[in-house]
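Structure first, commentary second.
Keep in mind that what you see is a predicted model, and the values were worked out from it rather than measured. Residue numbering restarts at 1 for every chain, and letters A, B, ... go by the order of the sequence lines.
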There are 2 protein chains.
Amino acid sequence: MPKITFFNLPEDKKTILIKAAREEFSRVPLSQASITNIIKAAGIPRGSFYQYFEDKEDAFFFLLNEHVKENKQRFASILIKNNGDLFSTMLEFYESIISEEEENLHFLKNIFLNMTHQIESTYARSFHDNQDRNSDYNMFAGLVDQKKLNITNEQELACMGQIIIAVTIRSFIEKFARELPNEEALEHYKMEMELLKRGLAK
Amino acid sequence: MPKITFFNLPEDKKTILIKAAREEFSRVPLSQASITNIIKAAGIPRGSFYQYFEDKEDAFFFLLNEHVKENKQRFASILIKNNGDLFSTMLEFYESIISEEEENLHFLKNIFLNMTHQIESTYARSFHDNQDRNSDYNMFAGLVDQKKLNITNEQELACMGQIIIAVTIRSFIEKFARELPNEEALEHYKMEMELLKRGLAK
DNA sequence: ATCTTATATGACACGGTGTCATCTGTCAAT
DNA sequence: ATTGACAGATGACACCGTGTCATATAAGAT
């Protein structure tokens, strides 16, 4: 978490700093990003950066969290629009992500191609925030129409969630790594979801 | 790839160096590993390291490749033993991995918790080596008993492979991140495979 | 004995990180 | 108006790891 001084910053300065950090993290993955570049772009002295953030990671995970919050919102609203149909929601969500604007996609690419567990769990923190570790999961579980799913208990629902997340993330990675065109990536993702739905074994 | 000088090295020196590198990569993930530590442990001067490897990554991916080769072997033999039954093979393979000896597990943990796309694709290079990018995939495809699988064409088989790999890797990550005991991890993996087999939708 | 080619070595330049002593600005109390 | 206190700003600097390079050494070949 950024330090209090960061949140106390006047809006415009904060915006400039966020923009500079985002540019750097869009340019290269976390491991190669440099604080020096961020402060140059933001026009602030080195010491100030450490006044606001613990370190590079701190700034990165702040941005990542912001991004995740937006996606969570988006996912929930698509899920509601689709009357709780999980699979059609996944497709629409997938499509909406890969259709983002250029700069966002660079940021995403660096995230997905360097998806460590720490990043992934932040990402999956769509499923819990500060207050209640499971509040988000429960919200989503409540929104999903479970009658359409082939499950018998709560545990299987959670497990299914993990499977879908794993396959979805992997599909994003595939898209970015091989630089697939959107239509192709979406077609492939559709096939994966169909296989998942109908089952892999006879 | 390590340089020729590395392969020209007398066996004992090579062994010492490999051991030192493996220790370092077992201690911390790639991004935190330091060449300085490796050369200290191996008792060689700094310049020599660069005589053998391009850089840290070069050494790491060499070790990773060695590891993958062994696993490929192991997987194939389990698959044959199980008469091409993909799912029972996956379970047995999963169990055999998590039952490895302590030091190997540290190495694996650092790999799985920092599984970037580059690492994953090396890992999945179980499916192609220098000569023929698809030879391994074809070998596995040939060994698998496809009558038991719910697929209609080659493309779906490949897709299914990706799904299973995604879920399996994710399951390893979960085990290492949450430090699950072996039995629990295996139970969870079993449930995931069962869900995959029977399908997620009604 | 000399030349050639492969390998070994460690000092060093470079670049990035995080710290810290010092400076500045603001605001409330006297 | 003066002072004190505190939050924040600043940039020089110590530290550390990397990769290079000029030089030293060894092993063959002629």
| message | The test is salt bridge (Lys or Arg N to Asp or Glu O under 4.0 Å); show your working for A/E23 and A/R27 and say whether it passes. | response | CA-CA 6 Å; A/E23 267 166 17; A/R27 188 182 68 83; over 6 Å; no
Measure from [atom1] on [X] to [atom2] on [N] and round the result to the nearest Å.
| X | N | atom1 | atom2 | value |
| --- | --- | --- | --- | --- |
| B/I39 | D/dC16 | CD1 | P | 15 Å |
| B/I4 | C/dT7 | CD1 | C1' | 11 Å |
| A/D55 | C/dT19 | CG | C1' | 14 Å |
| B/Q51 | D/dT25 | CD | P | 16 Å |
| B/F7 | C/dA6 | CZ | P | 17 Å |
| A/E54 | C/dT17 | CD | P | 15 Å |
| B/Q32 | D/dC16 | CD | C1' | 15 Å |
| A/F49 | C/dT19 | CZ | C1' | 14 Å |

Scan [X] against the nucleic acid and name what it touches under 4.0 Å (heavy atoms): base, sugar-phosphate only, or nothing.
| X | answer |
| --- | --- |
| B/Y52 | sugar-phosphate |
| B/K13 | sugar-phosphate |
| B/S34 | sugar-phosphate |
| B/T5 | sugar-phosphate |

| Out of C/dT7, C/dA8, D/dT20, which has the shortest distance to the side chain of B/N8? | C/dT7
| query | Which one, C/dG16, D/dG19, C/dA8, comes nearest to the side chain of B/Y50? | reply | D/dG19
[N] phosphate, OP1 or OP2: any side-chain N/O from [X] under 4.0 angstrom?
| X | N | value |
| --- | --- | --- |
| B/R46 | D/dT18 | yes |
| B/S48 | C/dT9 | yes |
| A/T36 | C/dT17 | yes |

| message | salt bridge (Lys or Arg N to Asp or Glu O under 4.0 Å) for A/R74 and A/E100? Distances and angles first, verdict last. | response | CA-CA 13 Å; A/R74 190 194 321 207; A/E100 296 220 5; 2.5 Å; yes
| Between B/F107 and B/F25, ring centroids under 6.0 Å | no
| Centroid-centroid under 6.0 Å between A/F172 and A/Y94 rings | yes
| query | So, do B/L196 and B/M193 sit near enough that their side-chain heavy atoms are less than 4.5 Å apart? | reply | yes
